[in-house]
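Here's the structure we're looking at; comments come further down.
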Amino acid sequence: MNPFKYGQIVTDVDFCPRRSLEKVLKEHIVSGQNVLIEGERRTGKSSLIINTAKEIKNYRILYIDINQIKTLNDLINRITSSLISMDRQTHFFEKLVKVISHLRPSVTIDSYTGNPSISFNANQVIHPKSLDQLLEFIYQEHSNKKNIVVFDEFQDILNLNNYESIVAILRSRIQFHSSMPYIFSGSVRKNMDKIFYDADSPFFKSAIKMEIGALEKEIFRDYIKDKFLSGKKIIDTGVINAIFLKTEENPGDVQELCNALWSITEYDTTINQIDIEDSMEVIFAREKEFYEHTISLLTNHQLRCLTSIAYLGGKSIQSGEFLEYSGIVHASSIKKAATRLVDLKILYNYKKEYRFNSPFFRSWLLYKKY
Ligand SMILES: Nc1ncnc2c1ncn2[C@@H]1O[C@H](COP(=O)(O)OP(=O)(O)O)[C@@H](O)[C@H]1O
Ligand SMILES: [Mg+2]
C-alpha cells in the first residue's frame, strides 16, 4: 500500500512529528489560551491540531470545520454534527437535542451503525441567539469533561451575510469562557487578518497567533526515507532535496509527489532524480483536466500574467522586464489580472510576492510551454 497520504488530515504513523509546535500549542491549550493558527493550504494546520489535542490527557476535541459554509444554518449544522461525534453517549445526545429543540431538528438513527444524526429544515430562518445557546451548552459541558473547541477554515465565517453579528456573539461568549480553549485555524491570510487584526473587528487581539509553515527538514527527510524503506526503496538526501525544491517544501505537495514516486517505482530499488520527472508526469495526468478547466476560465491578460509569473517569478510584476515578457502594455492591467488570480485562489500573496497556490500547476505551465 502506498504509504504517502495527501489531501486529508494525517494522524498516527502518517503524522511526521513537529515537536516544538506541538509543545507550544499544548501549553496554550492547557492554560485555556485561545489560539489563531495561520498558514498556507496543505501546510498541516488541521493535522497539527488534531494530533496535538489527541496527546493531551483528559481533554476531548470539538472539531468544527466550517469550510464553505454559506449560512447560519450551515454553521449550526456543522456544530451539532461535531458535537454528536465528540460525545456518543445517549444522555449527552438527549441534552443536545433539548438545547436545540426550538429549531425543530429531525433526528434519525442509522439502522446499520445505530449512530444518531440531526438535520434541520434548510429554509427555516435561524436566529443568531441559537448560536449563543449552543456555545453556552458547550461551555456547560466543559465543566464535566474538558473541551478544546476548534473552528477550522475559520475565514469562511466571512461568507455569512450577517457575519458581523455572528462574530460578535462568538467574541462575547469566548470572553466569558476563559478556561475553555478555542482554536481558530485558517488559510486565507487576508481574511483571517481581517477578522483578527482590523481594529474594529470584535476579535481584535483576542488570540495568540501561531504560524505554520514547512516541516523541520531533517525530521521530514527521515520520515520520507523510512516510508520508502517499507517498500525496500532507497532514496538519498539529494533526491529528497530535489523533491523539496519542486514543492517549495509544502508538506502536502511533498507527500503528493512522494505518492506518485512510490507508484512508479519497483519494490527493492534505488530512486533517482529522473524518477522525479516521471512522477511529475503522473501528477500532471491526474490533474490535467483541472488545469485545463482553470485556464479556460481566464481572460487573455490573466493567462499571460499567470504564465509570466510562472517563468519570471512573482516578485516584481510591474517591472519593465515583466511587461515586455507578458506583452501587456500597462502595469495597471497586470496588477488587475494578478488580483483576479488571487481571488480565484490560483495565486496567493506572500509578503510582496505573488506565488502559485500549487507548485505543480506552475510546473505544468512550464512543461506545456504556455
Ligand atoms: N505533520 C505532517 N506529517 C506528514 N504529512 C503532513 C503533515 N502535515 C501535513 N502533511 C501533509 O499535508 C497534507 C495536508 O495536511 P492538512 O493538515 O490537511 O493541512 P492544512 O490543514 O494546513 O490544509 C496531508 O494530507 C499530508 O500529506
Ligand atoms: Mg485544514
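Whatever order the structure lists ligands and atoms in, that order sets their numbers, starting from 1. We're numbering straight along the sequence, starting at 1. Everything quoted here is computed from the prediction, not taken from an experiment.
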Working for side-chain hydrogen bond (donor to acceptor under 3.5 Å, both in side chains), residues Gln255 and Tyr223: CA-CA 11 Å; Gln255 289 253 30; Tyr223 166 102; 3.0 Å; yes

- prompt: Is the closest side-chain heavy-atom distance between Val99 and Lys95 below 4.5 Å?
  reply: no

field: SB check Glu211 Lys209 (cutoff 4.0 Å)
entry: yes

field: Identity and separation of the nearest protein heavy atom to atom 13 (C) of ligand 1
entry: Gly252 CA, 3.6 Å

field: Metal check, the Mg ion (ligand 2) vs Ser185 N/O/S, cut-off below 2.8 Å
entry: no

field: Protein heavy atom at shortest distance from atom 9 (C) of ligand 1
entry: Gly44 CA, 3.4 Å

message: Under a 3.5 Å cutoff, is there a donor and acceptor pairing between the side chains of Asn241 and Arg221?
response: yes

- request: Answer yes or no: is there an ion pair linking Glu153 with Lys45, defined by an N-O contact shorter than 4.0 Å?
  value: no

- prompt: Quick check: does any side chain N or O of Asn250 sit under 3.5 Å from a backbone N or O of Arg41, one acting as donor and the other as acceptor?
  reply: yes

task: Enumerate the atoms of ligand 1 whose separation from the nearest heavy atom of Ser46 is less than 4.0 angstrom.
output: 17 (O), 21 (O)

task: Answer yes or no: is there an ion pair linking Glu22 with Lys26, defined by an N-O contact shorter than 4.0 Å?
output: no

task: For atom 7 (C) of ligand 1, find the nearest protein heavy atom and state the residue, atom name and distance (0.1 Å precision).
output: Val10 CG2, 3.7 Å

Atom indices of ligand 1, in the order listed, that fall short of 4.0 Å to a heavy atom of Asp14: 3 (N), 4 (C)

task: Return yes or no for this condition: an N or O of Asp152 is under 3.5 Å from an N or O of ligand 1.
output: no

message: I need the nearest protein heavy-atom contact for atom 23 (O) of ligand 1: residue, atom name and distance, please.
response: Arg42 N, 3.0 Å

- prompt: Quick check: does any side chain N or O of Asn73 sit under 3.5 Å from a backbone N or O of Ala122, one acting as donor and the other as acceptor?
  reply: yes

query: Any N/O of Gly7 closer than 3.5 Å to an N/O of ligand 1?
result: yes

query: When only distance counts, is Lys45 in polar contact with ligand 1, meaning an N/O pair under 3.5 Å?
result: yes

message: Considering both backbone and side-chain atoms of Glu153, is one of its nitrogen or oxygen atoms within less than 3.5 Å of a nitrogen or oxygen in ligand 1?
response: no

Donor-acceptor side-chain pairing of Thr265 and Lys233 below 3.5 angstrom: yes

task: Please report which non-hydrogen protein atom sits nearest to atom 4 (C) of ligand 1, along with the residue it belongs to and the distance in Å to one decimal place.
output: Gln255 NE2, 3.2 Å

Shortest protein contact, atom 26 (C) of ligand 1 (heavy atom only): Lys5 O, 3.4 Å

task: Determine whether any heavy atom of Phe4 lies closer than 4.0 Å to an atom of ligand 1.
output: no

task: Would you confirm whether the ring centroid of Phe228 sits within less than 6.0 angstrom of the ring centroid of Phe4?
output: yes

statement: The closest protein heavy-atom partner of atom 18 (O) of ligand 1 is Gln8 O, 4.0 Å

query: Would you say Cys16 has any N or O atom under 3.5 Å from an N or O of ligand 1, going by distance alone?
result: yes

message: So if I count the atoms of ligand 1 from 1 in the order they appear, which ones are less than 4.0 Å from some heavy atom of Ser47?
response: 15 (O), 16 (P), 17 (O)

Whether over 12 other heavy atoms sit under 6.0 Å from His102 NE2: yes

task: Scan side-chain atoms only and decide if Thr237 and Lys225 contain a donor-acceptor pair under the 3.5 Å cut-off.
output: yes

- line: closest protein heavy atom to atom 10 (N) of ligand 1 is Pro251 CB, 3.8 Å

- request: Consider every N or O of Leu215 and every N or O of ligand 1, then say whether any pair is closer than 3.5 Å.
  value: no

